[in-house]
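Only one structure is covered here, and it is reproduced in the block below.
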Protein chains: 2
Amino acid sequence: MNEVKTEGMRERTRRIVRTELTQVAQDLFVKNGYEATTVDQIAAAAGLSRRTFFRYFASKEDLLIGKYDLLEERMVESLKARPLDEPLWDSLRRIFDIGVNYFSNTERAEAIENTVRSSPALYARYLERFSRLQASLAETVCQRSNYAPDSPEPRAIVGAAFACLTAAQEAWYKSNKTKDLATLLDEAMASLRIQSG
Amino acid sequence: MNEVKTEGMRERTRRIVRTELTQVAQDLFVKNGYEATTVDQIAAAAGLSRRTFFRYFASKEDLLIGKYDLLEERMVESLKARPLDEPLWDSLRRIFDIGVNYFSNTERAEAIENTVRSSPALYARYLERFSRLQASLAETVCQRSNYAPDSPEPRAIVGAAFACLTAAQEAWYKSNKTKDLATLLDEAMASLRIQSG
DNA sequence: GTCAATATCGACACCAAGTGTCAAATATGG
DNA sequence: CCATATTTGACACTTGGTGTCGATATTGAC
């Protein structure tokens, strides 16, 4: 009991500081831009030293990109929960509902997505994060089905699905969110016909 | 005549220094690793100052990532040269021959690809470069066909094709290049069936 | 060949992102 | 309350990248 409480204490304060830090940082990013905001400014605004900032986040980029760790967990879990006889393309469409909800519900998520797209260097890390996410999902696909472990197909199909998600998201932004993201995604994913289950 | 010669002089010496720099740098990358090699070391090995290095390349990453500018030009040109009535998926497969030849012919290209994959930060820039390349091609597709300019389809299809290329390349590396890259790409692209022309 | 305009280079100073270290402060468990 | 482990801040340092400025070639015209 004691152990749980003290462990929880440490963990909790750490989580609180982390969210406070992202909060403060995101405000600065929106006000002054991502590149123009220094880690010193973020640390000062949150009332701690720069060195301590780097004990909470490995890098300035990690402040925002780290958010997608949760998305990966949830998507992988969601994929594992899909019935094995469901066509893979349909399974992927279903687990993208997580992303669709994340993007279209939260107004905070939109601010982050805007910030990420405002800096090529940050966007690059974003793409790398999603590349790893795709690798995770492809790996899960391999474990669940009987693809050869060295077959390019799982990676290709998962990557193609993400291309649809990205394309739909971009079209959604371009329409100033007048269109429905889920519909755009359906449209994009329907334009590719998957052969294998 | 004079103008052409003098202009050519400047341009040529610049090109020579650039290739010399990439040569020297790549050797250092292979020997000591990308991250462990500093710009000072590269500049010293090439016999010029660090400041001058940054007059030839905007960044250390640009040394390698800049190589793909030529790939983009050639792919866009190649796409424009495809017949308009050819199915888009087939056109994309054809222009990927440029990439296939680049990857599988040159032994220098392989060393660069290995270096790029050795550093997450560098690989992130690589992905961002290819993201822009895909945007270029999708834009070209829009101009050549009658897709609505805000439709997600061109981006989705181009992105899906690149997912196949990436997956094939990865499978190729995993097989230690015993399999044929072009065949792997055919295999990957055949597992997605495209509906629209 | 000489000379003025121009581009290039090196040296120096500077900024921002990270990282290692160590001593002080603070929380934890008994 | 006390011994111990953790967190923190201060400091110094490395690396990538940029602005500036005087010295040094290069170029084009005469």
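Note that the structure is predicted; figures quoted are calculated from it, not measured. Proteins come first, then strands; the chains are lettered A, B, ... in the order of their sequence lines, and each starts at number 1.
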Are B/V30 and B/V24 linked, directly or through intermediate hydrophobic residues, by side-chain heavy-atom contacts shorter than 4.5 Å (ILVMFWY only)?
no

Test B/T22 against B/T19 for side chain to side chain donor-acceptor pair (under 3.5 Å), laying out the working first.
CA-CA 5 Å; B/T22 40; B/T19 54; 5.5 Å; no

Report yes or no: does B/R144 contribute a side-chain atom to a donor-acceptor pair with the main-chain N or O of B/K80 at less than 3.5 Å?
yes

May I have the distance from A/E11 (atom CD) to C/dA27 (atom C1'), rounded to whole angstrom?
15 Å

From CZ of B/R14 across to P of D/dT27 the rounded distance in Å is 15 Å

Mind listing the side-chain donor-acceptor pairs of residues 124-131 of chain A below 3.5 Å, one per line with the distance, residues two or more places apart or on another chain?
unit_1	atom_1	unit_2	atom_2	d
A/Y126	OH	A/E113	OE1	3.4
A/E128	OE1	A/R132	NH1	3.1
A/R129	NE	A/D69	OD1	3.1
A/R129	NH1	A/E72	OE1	2.9
A/R129	NH2	A/D69	OD1	3.1
A/R129	NH2	A/E72	OE1	2.8

Could you state the interatomic distance from NZ (B/K174) to CG (B/L184), rounded to the nearest 0.5 Å?
12.0 Å

Whether A/R93 and A/D90 form a salt bridge (side-chain N of Lys/Arg under 4.0 Å from carboxylate O of Asp/Glu) is what I want to check.
no

How many Å lie between CG on A/L48 and C1' on D/dA10, as a whole number?
14 Å

Does any residue of residues 18-29 of chain A have a heavy atom under 4.0 Å from DNA chain D, and if so, which ones, in number order?
none

Applying salt bridge (Lys or Arg N to Asp or Glu O under 4.0 Å), can you list everything that pairs with A/R74, at least two apart in sequence or on another chain?
none

Near DNA chain D, under 4.0 Å by heavy atom, which residues of residues 113-128 of chain A?
none

Given atom CG of A/D40 and atom C1' of C/dA17, what is their separation to the nearest angstrom?
9 Å

The criterion is salt bridge (Lys or Arg N to Asp or Glu O under 4.0 Å); which residues satisfy it with B/R82, sequence neighbours excluded?
B/E86

Can you tell me how far P of D/dT14 sits from CD of B/E35, to the nearest Å?
18 Å

Would you mind reading off the distance between B/R50 atom CZ and C/dC14 atom P, rounded to a whole angstrom?
14 Å

Does A/K177 make a cation-pi contact with A/F103, if we ask for NZ or CZ under 6.0 Å from the ring centre and within 45° of the axis?
no

Which value, rounded to the nearest 0.5 Å, describes the distance between B/S191 atom OG and A/L192 atom CG?
10.5 Å

Of the residues in residues 51-64 of chain B, which ones touch DNA chain D at a heavy-atom distance under 4.0 Å?
B/R51, B/F54, B/R55, B/A58, B/S59, B/K60

Is A/K60 positioned over the aromatic face of A/Y34, cation under 6.0 angstrom from the ring centre and no more than 45 degrees off axis?
yes

